Amino acid sequence: MLHQLTRELYSQAPKETIYHYTSFSGFMGIVESRMLWTSDIRYMNDSAELNHMVNLINDEVNERIQLGHPNPALLSQLTGWLRGRVSYGHLLFTGSFRENGNLLSQWRGYSILGKGVSIGFNPSHILQCAKQSGFMVGRCIYEPQRQQDLIHQMVDIIEDLASQQERGTSGRAEPCYEHVFEQVENELLRIGALLKHPSFAEEAEWRIVSPIISDYSHQAIRYREGNSMLVPFLEFPLQIPCDAPLKVEHIFLGPTPNAQLSMNSLKMFLKKHHIVPARGTAYCNIPYRKH
């Protein structure tokens with residue numbers, strides 16, 4: 001079943017320090033609130049998040065139909081249902097960490113005008129926070145062959161569920177399989193949250209993934225201003241108990257034209273909030289360039 005497949009994907013745990021890239025304003029908010037804002041996956045910076053999984057499923061479905069699949073109606077209904085649910089389905093919130101805290105591509109994405117840091121956390125600490133908040137932690141999958149194998153397994157499982165339903169609805173000209181798809185929607189979302197386009201492989205991303213939320217009015221959902229829309233988010237506690245100083249393993253200061261002054265004020269800010277990174281604070285040593 002898909003539930004077992006999801007458990008296997010999320011069974012791997014990070015072993016080394018994992019980093020969260022953010023702007024100065026985001027960093028100050030994280031330190032002062034001890035919270036990380038996790039965005040609904042449809043509103044992540046990588047706009048093709050869930051669409052990548054949908055495209056992979058479409059490719060798998062088209063191949064099966066071309067090979068003479070005995071139930072093309074099931075496969076056609078699946079792709080049609082997915083198109084609608086990608087935009088208007090259940091909510092799933094994710095937060096991102098990287099294995100490398102000093103990547104030029106990430107500084108370009110987060111350190112606008114030299115205003116960026118990457119915060120390194122002990123992976124055991126993040127796993128503990130996730131467990132107490134009902135989140136899961138998983139490593140993103142970039143390898144095309146592994147993604148194809150997972151999609152193949154997912155569609156096989158959906159076909160098996162549909163076959164079981166058909167045994168109880170014999171006589172209908174063309175069964176409706178929406179009930180089958182609804183049974184697997186949550187797991188499709190959780191798996192889709194870890195499937196990223198191979199072009200992002202350099203990121204080596206780990207994700208914290210929230211419980212599924214089907215009620216859009218859920219009291220825990222909040223909204224922030226995005227580049228062109230309101231973005232729904234959930235708060236993820238980074239410190240338990242929440243009133244203790246934030247536990248930080250390491251901090252990189254991103255590229256800036258004022259490295260010495262910026263590092264000085266960063267250390268002053270950390271001292272004010274009683275934060276002592278276990279491995280210290282370092283400048284990225286990447287030459288500053290205006291974008």
Side-chain angles (χ1 to χ4, degrees), residues 1-13 40-42 48-94 130 134-198 205-215:
M1 300 295 288
L2 276 182
H3 180 68
Q4 180 60 34
L5 186 59
T6 304
R7 289 185 61 183
E8 292 174 1
L9 291 179
Y10 284 90
S11 63
Q12 186 180 3
D40 179 68
I41 191 170
R42 297 167 181 82
E49 288 288 350
L50 283 181
N51 285 328
H52 181 59
M53 179 189 71
V54 172
N55 291 336
L56 291 172
I57 291 178
N58 285 341
D59 291 344
E60 176 71 21
V61 162
N62 290 334
E63 181 178 354
R64 294 189 183 210
I65 291 176
Q66 291 174 7
L67 291 174
H69 192 276
N71 192 354
L74 164 66
L75 300 180
S76 297
Q77 287 183 37
L78 173 61
T79 55
W81 178 84
L82 278 173
R83 282 194 296 271
R85 298 306 287 177
V86 162
S87 298
Y88 304 107
H90 295 166
L91 302 181
L92 184 73
F93 297 82
T94 71
F135 278 65
M136 305 170 73
V137 179
R139 191 180 192 279
C140 289
I141 299 168
Y142 304 93
E143 301 86 348
Q145 187 58 56
R146 189 178 178 201
Q147 291 184 358
Q148 291 174 16
D149 292 344
L150 284 170
I151 294 297
H152 188 87
Q153 293 179 63
M154 291 159 64
V155 177
D156 279 349
I157 291 170
I158 292 170
E159 288 187 2
D160 289 343
L161 287 173
S163 296
Q164 296 172 21
Q165 174 182 287
E166 287 173 347
R167 297 189 191 106
T169 57
S170 57
R172 293 183 59 177
E174 184 175 300
C176 175
Y177 297 102
E178 185 172 336
H179 178 66
V180 173
F181 306 148
E182 290 173 349
Q183 293 178 54
V184 300
E185 179 173 5
N186 290 355
E187 303 308 321
L188 288 178
L189 277 174
R190 293 187 179 104
I191 294 173
L194 299 183
L195 300 181
K196 295 201 66 175
H197 194 277
E205 181 178 349
W206 288 85
R207 283 190 166 171
I208 51 172
V209 179
S210 76
I212 302 293
I213 296 181
S214 58
D215 178 9

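It should be emphasised that the depicted structure is a prediction, and the values quoted were computed from it without experimental measurement.
In terms of the side-chain hydrogen bond (donor to acceptor under 3.5 Å, both in side chains) criterion, Glu143 has no residue partners (sequence neighbours excluded). Considering only residues two or more places apart in sequence or on other chains, Tyr10 meets the ring pair (Phe, Tyr, Trp, His ring centres under 6.0 Å) condition with none of them. Not counting sequence neighbours, the partners of Arg139 by the salt bridge (Lys or Arg N to Asp or Glu O under 4.0 Å) test are Glu99. Asn71 is linked by a side chain to side chain contact (heavy atoms under 4.5 Å, CB included) to His69, Ala73, Leu74, Glu166, Tyr177, counting only residues two or more places apart in sequence or in another chain. For His3, the side chain to side chain contact (heavy atoms under 4.5 Å, CB included) partners at least two apart in sequence or on another chain are Arg7, Glu187. Not counting sequence neighbours, the partners of Thr79 by the side chain to side chain contact (heavy atoms under 4.5 Å, CB included) test are Asn58, Val61, Arg83. For Asp40, the side chain to side chain contact (heavy atoms under 4.5 Å, CB included) partners are Arg42, Tyr43, Leu91, Phe93, Pro232, not counting sequence neighbours.
In plain terms, the two heavy atoms of Ile41 and Ala193 that are nearest each other are CD1-CA, 3.5 Å. The two atoms that bring Ile65 and Ser76 nearest to each other are CD1-OG, 4.3 Å, heavy atoms only. For the pair Gly192 and Met53, the tightest heavy-atom approach, listed with the atom from each and the gap, is CA-SD, 3.5 Å. Closest of all the heavy-atom pairs between Gly134 and Pro211 is O-CG, 3.3 Å. Pairing each heavy atom of Gly89 with each of Glu185, the nearest pair is CA-OE2, 3.7 Å.
For the 3.5 Å distance criterion, the side chains of Gln153 and Asp149 fail to qualify, holding no donor opposite an acceptor.
Asp160 has its side chain out of reach of Met1: every pair of non-hydrogen atoms, C-beta onward, lies at least 4.5 Å apart. Looking only at side-chain heavy atoms (C-beta outward), His90 and Arg85 come within less than 4.5 Å of each other. Contact annotation: the side chain of Leu50 approaches that of Leu189 to within less than 4.5 Å [non-hydrogen atoms, C-beta and beyond]. Put simply, the side chain of Gln77 does not reach to within 4.5 Å of the side chain of Val180, judged on heavy atoms.
Every pair passing salt bridge (charged side-chain N to carboxylate O under 4.0 Å, His left out) that includes a residue from residues 54-63 is listed here, sequence neighbours excluded: Glu60-Arg64.
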